[in-house]
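All residue numbers in this chain count up from 1 along the given sequence. These values consider heavy atoms only, across backbone and side chains, with no hydrogens, waters or symmetry-generated copies. Every value quoted in this text rests on a predicted model; they were computed, and no experiment measured them.
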Amino acid sequence: AIAAAEKLIPATLELGGKSANIVLDDADIEKALEGAQLGILFNQGQVCCAGSRIFVQEGIYDEFVEKKSTFITHLIRINSEEEARDFIQKMKKKHYDATHVCSCYVVGDNNEITRANDDGEPSGTAGAPMLDVLVKNNIKNVCATVIRYYGGTKLGTGGLVRAYGGGVINALKNATLVERKDAFEIKLEIDYSLNGKIEYEIDKTNFIVNNIDYTDKLVYTIYVMQEDYSNFETWIANLTNGQFKIISSREKQLEFDIQ
């Protein structure tokens, strides 16, 4: 594990408020996040869990020229394999005059479905490197297409791998990424006399106040990460001296901006 950790390339981690920002100082996302396969990112001696579920918030576009060939990348968020296939067909119709429309997609929080297509490029030089970037970076429920307009100069096997994988890397650099985390939505009832204390102390925690209902008593709707639930129970019991009531608690998935 130590030998593997020594090979990791540092990324900068900024913590702002209740969500985390991962800021990549170098230009190579694939290398900067190689450590995600081990579930860790190093930031000046600190360790942060990164073996999680990351999504593209909205569609993203990138275009570059390599040895006179134009490469156009599109990334979109999807919810099913059917959506991925529909998008790929849409790109093929839109770019009917392109030399190649290569594609890949990942469906499911645990990569239940992964597909890659070289669309006429030499086997393993297009769809596979595109997919590899997505999988290594824990990007879920995403479809990528890289369209090539051939410029007359062959790139060779290595050049194709770098171009198609690089197209996805470039798009990720410009994408708004979100991380999905498992949480509980807790409805908490307290007396008005405890409100000031709750408001002051909760800002010191990772618990997120989503809503407050003002009835005969105060009802807080609070998001608590699943791994923090036992800490929350201890925190609220100590803070209120046991004078609280949990009306309901249900599982909920939250998304936090990454970049």
Can you tell me if K197 uses its side chain to pair, donor with acceptor, with the backbone of L239 under 3.5 Å? yes
I208 vs N210 side-chain heavy atoms within contact, under 4.5 Å: no
Before accepting this row, confirm whether a basic side-chain N of the pair R85/E82 lies closer than 4.0 Å to the acidic partner's carboxylate O. no
For F207 and F232, take the angle between the two ring planes, folded into 0 to 90°, and tell me which bin it lands in: parallel under 30, tilted 30 to 60, perpendicular over 60. perpendicular
Which atom of R148 lies closest to which atom of L160, heavy atoms considered: NH1-CD2, 3.3 Å
Can you check whether L254 reaches M225 side chain to side chain, under 4.5 Å on heavy atoms? yes
Under a 3.5 Å distance rule, please check whether T73 uses its side chain to pair with a backbone N or O of V146 as donor and acceptor. no
Return the minimal non-hydrogen interatomic distance between G127 and C104, and the atom names on each side. O-CB, 3.9 Å
Spell out, as yes or no, whether a donor-acceptor pair under 3.5 Å connects the side chain of E121 to the backbone of D119. no
Those residues that, when tested against F64, pass ring pair (Phe, Tyr, Trp, His ring centres under 6.0 Å) (two or more places apart): F71
Would you check if there is a donor-acceptor pair between the side chains of D97 and Y149 at a distance under 3.5 Å? yes
Before giving the answer on side chain to side chain contact (heavy atoms under 4.5 Å, CB included), spell out for E233 and I186 the whole-Å C-alpha distance, their side-chain angles and the decisive distance to 0.1 Å. CA-CA 11 Å; E233 288 183 309; I186 300 169; over 6 Å; no
Close side-chain approach of I139 and V106, heavy atoms under 4.5 Å: no
Contacts of type salt bridge (charged side-chain N to carboxylate O under 4.0 Å, His left out), residue R162, not counting sequence neighbours: none
Tell me whether T114 contacts the main-chain N or O of N111 through its side chain, where contact means a donor paired with an acceptor under 3.5 Å. no
Side-chain contact, heavy-atom cut-off 4.5 Å: D191 with K217? yes
Would you confirm whether T99, through its side chain, and Y150, through its main-chain N or O, come within 3.5 Å as a donor-acceptor pair? yes
Scanning both residues in full, the closest heavy-atom pair of I54 with N137 reads CD1-O, 3.7 Å
Side chains of E201 and K204: does their closest heavy-atom pair fall under 4.5 Å? yes
State whether the side chain of N141 and the backbone N or O of R77 hold a donor-acceptor pair below 3.5 Å, judged by distance alone. no
Do T145 and I76 have side chains that get closer than 4.5 Å, going by heavy atoms? no
Count I, L, V, M, F, W, Y as connected when their side-chain heavy atoms are under 4.5 Å apart, and connections chain through other members. Are I78 and I147 then in the same cluster? yes
Check for a donor-acceptor pair, side chain of N170 on one end and backbone N or O of G166 on the other, with a separation under 3.5 Å. yes
Run the salt-bridge test on K173 and D62 with the 4.0 Å N-O cut-off and return the result as yes or no. no
Close side-chain approach of I202 to W235, heavy-atom, < 4.5 Å: yes
Whether the side chain of D228 engages the backbone of V224 through a donor-acceptor N/O pair (distance < 3.5 Å, no angle test) should be reported. no
Surrounding OH of Y200 (heavy atoms of other residues, nucleotides or ligands, distance under 6.0 Å), is the total greater than 12? no
Between E189 and F244, is there a side-chain heavy-atom distance shorter than 4.5 Å? no
Will you find, in the side chains of Y220 and N195, an N or O donor that is under 3.5 Å from an N or O acceptor? yes
